[in-house]
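Here's the structure, in structure tokens; my notes come after.
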Amino acid sequence: MSDETTAHGQDARGAHAAAATRDEARFVEEIVDKDENYSRWYTDVVLKAELADYAPVRGCMVIRPYGFALWENMQQGLDRRFKDTGHANAYFPLLIPESFLRKEAEHVAGFAPQVAWVTHGGDEELEERLAVRPTSETIICTMYAKWIQSWRDLPVLVNQWANVMRWEKVTRLFLRTTEFLWQEGHTAHRTEEEAEEETLRMLGVYQDFIENDLAIPVVPGRKSESEKFAGALRTYSVEALMGDGRALQAGTSHNLGQHFAKVFDITFLDKDGQRKHVWQTSWGVSTRLVGAIIMVHGDNRGLVLPPRVAPIQVIIVPIFRKEAEREAVAAFVADLERDLRPHIRVQSDWREQTPGWKFNEWELRGVPLRLEVGPRDVAANQVVAVRRDTHEKRPLPRSGVGSAVPALVEDIQRSLLDRARRFRDEHTARAATVAELEEVVEERRGFVWAPWCGEAACEAAVKERSGATIRNIPFDRPDDRQACLVCGREGSAVLFAKAY
RNA sequence: CGGGCGGUAGCGCAGUCUGGUAGCGCACCUGUAUGGGGUGCAGGUGGUCGGAGGUUCAAAUCCUCUCCGCCCGACCA
């Protein structure tokens with residue numbers, strides 16, 4: 001048996017971690033302990049659960065079939081919500097002429113360092129460089145200018161599922177890669193109010209999806225001026241807390257105002273006969289959410305997937321010795337699968353491995369519920385159900401499985417959210433001064449409520465001293481006025497954290 | 001981008017200091033006994049030592065350049 005401590009080149013496992021996790025460690029030989037080295041744990045989980053692998057090009061990754069199945073389920077959950085709110089999908093090109101990108105000064109400045117350029121077609125140098133899209137505002141706005149003439153053409157509600165590229169200096173699988181997959185919604189409206197409404201509506205869609213489907217609690221709010229999208233009027237975000245106490249921006253929604261409309265000349269003739277610029281929004285979430293799932297729900301045995309998006313919701317592990325037992329179990333399992341398949345994504349594992357090996361494998365890969373079926377169960381007309389989240393093991397009568405299993409899976413979904421919410425609440429503190437905030441950020445991490453006056457200088461000062469940034473100005477917050485944690489002028493509570 | 005560390009079989013590593021032609025565990029293959037938490041035994045397959053150049057009779061080992069990854073920090077709409 002290989003010892004995971006030496007396998008990872010460590011002299012010794014931290015004594016503090018050993019006691020609490022010894023039981024779990026016995027089951028897992030391939031993943032470093034979460035408390036020992038969180039970053040390493042994260043990478044181990046991604047690799048060993050076969051979600052993704054490193055690609056030959058720096059900062060790029062291959063999303064493997066299991067990881068992609070997860071992403072596809074996430075796409076479905078989002079896409080349905082987009083369609084339900086009146087949006088339609090379209091596809092715009094990968095390449096954007098440099099001149100388009102340069103039209104909006106703030107926008108260019110924001111993205112310039114991260115843009116990858118196409119300079120040649122074959123051997124011929126291009127007359128104008130082409131940017132590999134870091135986001136599609138400029139190309140989409142160019143097209144909207146052609147398509148929109150009248151107030152009757154509005155609103156335009158379009159979403160695009162695409163890849164984008166940003167030349168990042170430091171990359172992490174799923175969290176920040178050079179190329180990533182996302183969706184970007186781009187809408188155009190007749191009035192400012194309508195655009196603002198849309199911006200907030202889509203932020204709400206993200207919150208609904210992330211909390212209900214991914215079981216990750218988020219804090220919706222508005223970004224500070226310094227953190228907003230380059231070229232936007234206002235940016236909103238939903239912020240989530242990861243297992244190591246760092247925050248992750250899980251989704252953003254921007255009210256673009258008329259900035260882009262003016263630059264790209266997107267106008268319409270309004271009811272009153274006046275020619276006006278449209279009001280726009282854009283909003284997006286990315287494969288980064290896969291990283292969030294891993295960090296919020298994962299444990300020392302590996303991945304824990306929320307049932308709603310898990311590629312396999314229930315794994316059946318057959319157990320047998322003799323051929324006769326195998327046949328009896330096979331018939332029982334086939335019947336079981338037939339019952340469950342209409343309700344649930346179920347799979348049975350007939351590979352030539354020992355049951356124990358399979359238990360570990362499927363736990364590592366995060367399957368929410370395992371059903372064990374052996375000769376004893378066939379005889380008792382039952383299955384043994386084991387939850388991935390609590391490790392609770394209990395027999396279920398075969399007759400009730402059709403309803404008990406879906407109910408159990410739903411319960412896992414619920415309790416994952418409950419547990420994540422409890423963790424987040426336990427890791428949310430208050431601070432009145434920068435020193436207090438620093439202490440929390442150093443020792444426990446997590447979210448910190450602290451009063452802020454609204455000045456960028458104070459925001460920057462906090463970042464300088466503590467490394468924490470304003471994640472957002474939550475919609476739902478204490479409304480008492482307090483002294484700004486930096487300058488002492490009147491301020492109100494905002495949410496700070498160290499962020500990914 | 002800075003500091004530190006690493007790249008040797010599919011995975012995890014030893015060998016590098018002190019040059020002599022590559023090894024261990026797991027995985028994999030075959031057989032056999034097994035199978036309710038990573039199964040035992042026996043036999044086997046597999047490596048241009050990240051890449052390029054140099055020094056040398058001889059390079060995984062020494063030198064130069066380069067690519068990739070990890071940890072910490074800076075940066076990041």
Side-chain angles (χ1 to χ4, degrees), chain A residues 1-10 23-32 36-44 47-48 50 53-61 104 106-115 134-135 137 164 166-173 175-176 178 182 184 223-232 235 237 249 252-254 256 282-284 286 288 301-302 317-323 325-326 329 351-364 370-378 380 383-384 386 391 393 395 463-464 467 469 498-500:
Chain A
M1 294 301 96
S2 80
D3 176 348
E4 63 275 22
T5 55
T6 55
H8 288 286
Q10 305 289 334
D23 283 350
E24 295 211 324
R26 273 211 314 255
F27 291 94
V28 182
E29 297 178 343
E30 303 190 349
I31 310 175
V32 75
E36 183 185 318
N37 186 338
Y38 196 82
S39 296
R40 178 73 188 249
W41 168 83
Y42 175 82
T43 305
D44 282 350
L47 262 21
K48 305 290 183 185
E50 297 182 2
D53 201 354
Y54 291 103
V57 178
R58 173 197 156 80
C60 292
M61 69 171 177
E104 213 289 327
E106 204 180 328
H107 194 63
V108 192
F111 283 108
Q114 293 178 284
V115 173
T135 178
E137 269 77 8
V164 289
R166 295 176 190 182
W167 218 258
E168 301 284 355
K169 291 178 207 156
V170 177
T171 57
R172 303 282 315 278
L173 294 165
L175 296 175
R176 184 178 288 108
T178 301
W182 77 345
E184 45 181 327
K223 283 290 193 182
S224 69
E225 279 302 297
S226 63
E227 296 268 336
K228 78 171 191 193
F229 180 69
T235 289
S237 72
Q249 178 176 292
T252 50
S253 187
H254 316 289
L256 300 177
S282 71
W283 26 273
S286 71
R288 184 178 233 207
R301 293 188 194 184
V317 178
I319 300 158
F320 50 85
R321 299 178 191 216
K322 304 189 229 16
E323 186 53 30
E325 286 177 343
R326 181 195 163 91
V329 168
R351 290 175 300 172
E352 278 295 322
Q353 297 287 357
T354 61
W357 190 93
K358 292 174 186 173
F359 296 166
N360 285 287
E361 159 99 343
W362 292 114
E363 284 178 6
L364 167 58
R370 174 173 80 242
L371 299 181
E372 305 175 4
V373 178
R376 295 206 291 266
D377 303 304
V378 174
V383 302
V384 174
V386 185
H391 310 134
K393 183 183 272 202
K463 185 177 180 181
E464 175 75 23
T469 50
K498 274 199 170 180
Y500 270 97

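Bear in mind that the values here come from a model prediction, so they are computed numbers and not experimental data.
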Rounded to whole angstrom units, what separation is found between the [atom1] atom of [X] and the [atom2] atom of [N]?
{"X": "A:Arg321", "N": "B:A33", "atom1": "CZ", "atom2": "C1'", "answer": "13 Å"}
{"X": "A:Arg176", "N": "B:C70", "atom1": "CZ", "atom2": "C1'", "answer": "16 Å"}
{"X": "A:Lys322", "N": "B:G36", "atom1": "NZ", "atom2": "P", "answer": "13 Å"}
{"X": "A:Leu175", "N": "B:G69", "atom1": "CG", "atom2": "C1'", "answer": "16 Å"}
{"X": "A:Glu352", "N": "B:U39", "atom1": "CD", "atom2": "P", "answer": "13 Å"}
{"X": "A:Ile319", "N": "B:U34", "atom1": "CD1", "atom2": "C1'", "answer": "14 Å"}
{"X": "A:Arg40", "N": "B:C72", "atom1": "CZ", "atom2": "C1'", "answer": "15 Å"}
{"X": "A:Trp357", "N": "B:G38", "atom1": "CH2", "atom2": "C1'", "answer": "8 Å"}

Using purine N1 to pyrimidine N3 plus N6-O4 or O6-N4 for Watson-Crick, or N1-O2 and O6-N3 for G-U wobble, both under 3.5 Å, which nucleotide pairs with [N]?
{"N": "B:U45", "answer": "none"}
{"N": "B:A14", "answer": "none"}
{"N": "B:G38", "answer": "none"}
{"N": "B:U56", "answer": "none"}

To the nearest 0.5 angstrom, please state how far the [atom1] atom of [X] sits from the [atom2] atom of [Y].
{"X": "A:Phe111", "Y": "A:Phe229", "atom1": "CZ", "atom2": "CZ", "value": "4.5 Å"}
{"X": "A:Thr235", "Y": "A:Glu227", "atom1": "OG1", "atom2": "CD", "value": "10.0 Å"}
{"X": "A:Glu363", "Y": "A:Arg370", "atom1": "CD", "atom2": "CZ", "value": "5.0 Å"}

Interface polar pairs with nucleotides 1-11 of chain B, N/O, under 3.5 angstrom:
| from | atom 1 | to | atom 2 | distance (Å) |
| --- | --- | --- | --- | --- |
| B:C11 | O2' | A:Lys48 | NZ | 3.4 |

State which of B:G69, B:G37, B:C71 makes the closest approach to the side chain of A:Val386.
->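 Nearest to the side-chain atoms of A:Val386, counting from C-beta on, is B:G37.
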Separation between the [atom1] atoms of [N] and [M], rounded to whole Å:
{"N": "B:G2", "M": "B:U21", "atom1": "P", "result": "40 Å"}
{"N": "B:A22", "M": "B:C13", "atom1": "C1'", "result": "14 Å"}
{"N": "B:G7", "M": "B:C63", "atom1": "P", "result": "15 Å"}
{"N": "B:G19", "M": "B:C57", "atom1": "P", "result": "15 Å"}
{"N": "B:C65", "M": "B:G10", "atom1": "C1'", "result": "30 Å"}
{"N": "B:G25", "M": "B:G40", "atom1": "P", "result": "14 Å"}
{"N": "B:C11", "M": "B:G38", "atom1": "C1'", "result": "14 Å"}
{"N": "B:C67", "M": "B:G51", "atom1": "P", "result": "15 Å"}

Looking only at side-chain N and O atoms, does A:Thr354 come under 4.0 Å of OP1 or OP2 in B:G38?
->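 For B:G38, OP1/OP2 do not have a side-chain N/O of A:Thr354 under 4.0 Å.
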Kindly say if A:Tyr42 contacts the phosphate of B:C70, meaning a side-chain N or O under 4.0 Å from OP1 or OP2.
->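 No, because none of the side-chain N or O atoms of A:Tyr42 sits under 4.0 Å from OP1 or OP2 of B:C70.
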A:Glu323 atom CD, neighbour heavy-atom count above 12 within 6.0 Å =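 Check passes, neighbour count above 12.
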Any N or O donor-acceptor pair linking the side chain of A:Arg370 to the base of B:G37 at under 3.5 Å?
->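 Result: at least one qualifying N/O pair found.
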Considering only heavy atoms and no angle criterion, is a donor-acceptor pair shorter than 3.5 Å present between the side chain of A:Glu363 and the base of B:G37?
->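 Check passes, donor-acceptor contact within cut-off.
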When the ring planes of A:Tyr38 and A:Trp41 are compared, do they come out parallel, tilted or perpendicular, using 30° and 60° as the limits?
->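 Tilted.
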Which pair of non-hydrogen atoms, one from A:His391 and one from A:Val386, has the smallest distance, and what is that distance?
->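 For A:His391 versus A:Val386, the nearest heavy atoms are O-CG1, 4.0 Å.
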